[in-house]
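Read the structure below first, then the notes.
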Amino acid sequence: MGAGALPRNDEIAAAAAVSSHPLILGLQPAALVDHVAPVDWSLLDQIPGDRGGSMPVAIEELDRILEEVKAHKLASPDELSPMKTMAGGSVANTIRGLSAGFGVSCGIIGACGDDEQGKLFVSNMSFSRVNLSRLRMKRGHTAQCICMVDELANRTMRPCLSSAVKIQADELTKEDFKGSKWLVLRYAIFNLDVIEAAIRIAKQEGLLVSLDLASFEMVRNFRSSLQQLLESGNIDLCFANEDEAMELLRGEQTSDPEAAVEFLAKHCKWAVVTLGANGCIARHGKEIVRVPAIGEAKATDATGAGDLFAGGFLYGLVKGLSLEECCKAGACSGGSVIRALGGEVTPENWQWMYKQMQIKGLPLPDNRN
């Protein structure tokens, strides 16, 4: 568990018993707790950084934003902003969705602090039957992120990661990856050494690697490191949303989704560009498909939409479905999470997703109720 790690608590030990060799592993070096709240544009105008993106902040700034959000009034004059707190982070959202909604055995590699946020993360993920035997608990703070959702269901994120505990590259072992088939990653420059170490060991153990491009700011500011990662040939599956795709091809003659998926397909076996309400475009070898979105005309909250899309797509791959069917499964899954606040799908919305999958002729998960 590495120097300074604490003994696992009872919940981690219990979750460790769930499928000792998960089919899909997620690497999230620092466990994260999301605080999700609806806000209006007047508050977003007071928050530094681009609206709709994700920009790291110090703990003092996070606390200040949290206080403002808690006190912030929405259009209804007598109602304060409701806030939901849950285990978060792109990889955690994907892994939790795969485990809880699709019944795929999943585990997470990372570290959490010995604070209230760490306990919440453990409780939330273990409730979804995610294997936590690779989650190290250490002395210190668990990372937090405030997700502010505007009237158009777009989310502006401000994560606080600098003082949080996280797993280090030299703590990863072959045993962490042995027996698994997929490793799920999110691009982050501040975790690049851990990401590269994880990919190296995963490839030695025969795992396929999935990479999400994280945010348009991350692509814009650290594009050269990302391109090196893609050009290594070790990324088997890559997900990008439309904004990230545009940043990836900034300066090129064409920077539309078709060009982006073609660029990614040069380096990855599967390339997917999600287009929000316009669905997605994906490529595998010479095959290219477009699939429309599935869900409400007006989303409640886009938080986790791309993460849950990735989960549905991965479910399709492990089931041996066609490229088009993988995209449809992703669209059903992504559509399920935007129906409520936050990146966790409610039981009612899982049932909605199963109905949509049935309509599309997709194989339903064995674990559905």
Side-chain angles (χ1 to χ4, degrees), residues 1 8-32 87-112 121-137 166-167 171-186 194-195 197-212 234-237 239 270 304 307-321 326 329-330 333 343-345 350 363 365-368:
M1 286 177 48
R8 290 194 298 265
N9 64 25
D10 290 343
E11 283 181 304
I12 291 183
V18 181
S19 182
S20 59
H21 295 295
L23 190 68
I24 298 180
L25 288 173
L27 174 73
Q28 188 166 304
L32 181 70
S90 176
V91 171
N93 289 341
T94 298
I95 292 300
R96 179 177 53 204
L98 274 162
S99 180
F102 290 99
V104 176
S105 63
C106 293
I108 195 159
I109 304 171
C112 66
F121 185 90
V122 167
S123 176
N124 187 229
M125 297 299 283
S126 59
F127 180 79
S128 296
R129 295 186 62 79
V130 174
N131 182 301
L132 301 181
S133 63
R134 297 157 184 80
L135 182 71
R136 283 76 163 168
M137 182 175 277
K166 72 174 189 177
I167 197 169
E171 294 179 86
L172 299 174
T173 69
K174 285 189 175 184
E175 198 57 40
D176 288 329
F177 300 85
K178 196 174 292 295
S180 296
K181 301 299 181 187
W182 276 95
L183 174 65
V184 175
L185 304 167
R186 184 175 194 258
V194 188
I195 290 170
I199 292 173
R200 187 166 57 251
I201 301 173
K203 285 301 173 182
Q204 290 171 358
E205 293 299 313
L207 276 72
L208 295 165
V209 175
S210 169
L211 179 71
D212 182 277
N234 289 325
I235 307 302
D236 300 284
L237 165 62
F239 294 101
W270 296 273
D307 307 330
L308 270 293
F309 178 97
F313 192 93
L314 282 161
Y315 166 78
L317 286 182
V318 299
K319 281 285 189 180
L321 304 186
C326 287
S333 183
E344 183 175 24
V345 181
W350 281 132
D366 298 329
N367 70 316
R368 70 193 188 283

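By convention here, the first residue in the shown sequence is residue 1.
Two residues are said to be in side-chain contact when any heavy atoms from C-beta on lie closer than 4.5 Å; K319 and C326 fail this criterion. Contact annotation: the side chain of L25 never approaches that of C106 to less than 4.5 Å [non-hydrogen atoms, C-beta and beyond]. The side-chain heavy atoms of M125 and I108, taken from C-beta on, include a pair separated by under 4.5 Å. Inter-residue side-chain proximity for L185 and I199 is flagged as met; some heavy-atom pair is nearer than 4.5 Å. Between V318 and W182, the closest side-chain pair of non-hydrogen atoms falls below 4.5 Å.
Across all non-hydrogen atoms, the minimal contact from S126 to S123 is OG-O, 3.1 Å. In terms of heavy atoms, S180 sits closest to P22 at OG-O, 2.5 Å. Contact detail for P29 and V194: the closest heavy-atom pair is CG-CG1, 4.1 Å. Considering every non-hydrogen atom in both E171 and K166, the closest pair reads OE2-O, 4.1 Å. The shortest non-hydrogen separation linking L207 to F177 is CD1-O, 3.5 Å.
Looking only at distances, no side-chain donor or acceptor of S333 sits under 3.5 Å from a matching main-chain atom of G330. In terms of modelled atom types and a separation under 3.5 Å, the side chain of R129 and the main chain of F127 share no donor-acceptor contact.
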(request) Quick one: do S105 and N131 satisfy side chain to side chain contact (heavy atoms under 4.5 Å, CB included)? Show the steps, please. (result) CA-CA 8 Å; S105 63; N131 182 301; over 6 Å; no
(request) Before giving the answer on side chain to side chain contact (heavy atoms under 4.5 Å, CB included), spell out for V122 and C112 the whole-Å C-alpha distance, their side-chain angles and the decisive distance to 0.1 Å. (result) CA-CA 8 Å; V122 167; C112 66; 4.1 Å; yes
(request) Given side chain to side chain contact (heavy atoms under 4.5 Å, CB included), test V209 with K203 step by step and report yes or no. (result) CA-CA 8 Å; V209 175; K203 285 301 173 182; 3.9 Å; yes
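With rounding to the nearest 0.5 angstrom, the CD1 atom of I235 is 8.5 Å from the CD1 atom of I195. The distance from the CG atom of D236 to the CG atom of L211 is 10.5 Å, given to the nearest 0.5 Å. Note: Q28 CD to L135 CG = 9.5 Å, rounded to the nearest 0.5 Å. Summarising the geometry, atom CD1 belonging to I201 is positioned 7.0 Å from atom OG1 belonging to T173; distances are rounded to the nearest 0.5 Å. Note that the CG atom of L237 and the CG atom of L183 stand 11.5 Å from one another [nearest 0.5 Å]. Here the straight-line distance linking atom OG1 of T94 with atom CZ of F239 works out to 8.0 Å at 0.5 Å rounding.
With I95 as the fixed residue, the side chain to side chain contact (heavy atoms under 4.5 Å, CB included) test singles out one of V130, L314, V104, L27: V130.
For Y315, the ring-ring contact (aromatic ring centres under 6.0 Å, His included) partners at least two apart in sequence or on another chain are F102. Residues satisfying the side-chain hydrogen bond (donor to acceptor under 3.5 Å, both in side chains) criterion with S99, sequence neighbours excluded, are absent altogether. Listed by chain and number, the residues in a side-chain hydrogen bond (donor to acceptor under 3.5 Å, both in side chains) with K181 amount to none (sequence neighbours excluded). Annotation: ring-ring contact (aromatic ring centres under 6.0 Å, His included) contacts of F309 (sequence neighbours excluded): none. Legend: residues meeting salt bridge (charged side-chain N to carboxylate O under 4.0 Å, His left out) with E205, ordered by chain and number and at least two apart, are K178. Legend: residues meeting ring-ring contact (aromatic ring centres under 6.0 Å, His included) with F121, ordered by chain and number and at least two apart, are absent.
Between the side chains of N124 and R96, at least one donor-acceptor pair of N or O atoms lies under 3.5 Å. When only modelled atom types and interatomic distance are considered, D307 and S90 share a side-chain donor-acceptor pair under 3.5 Å.
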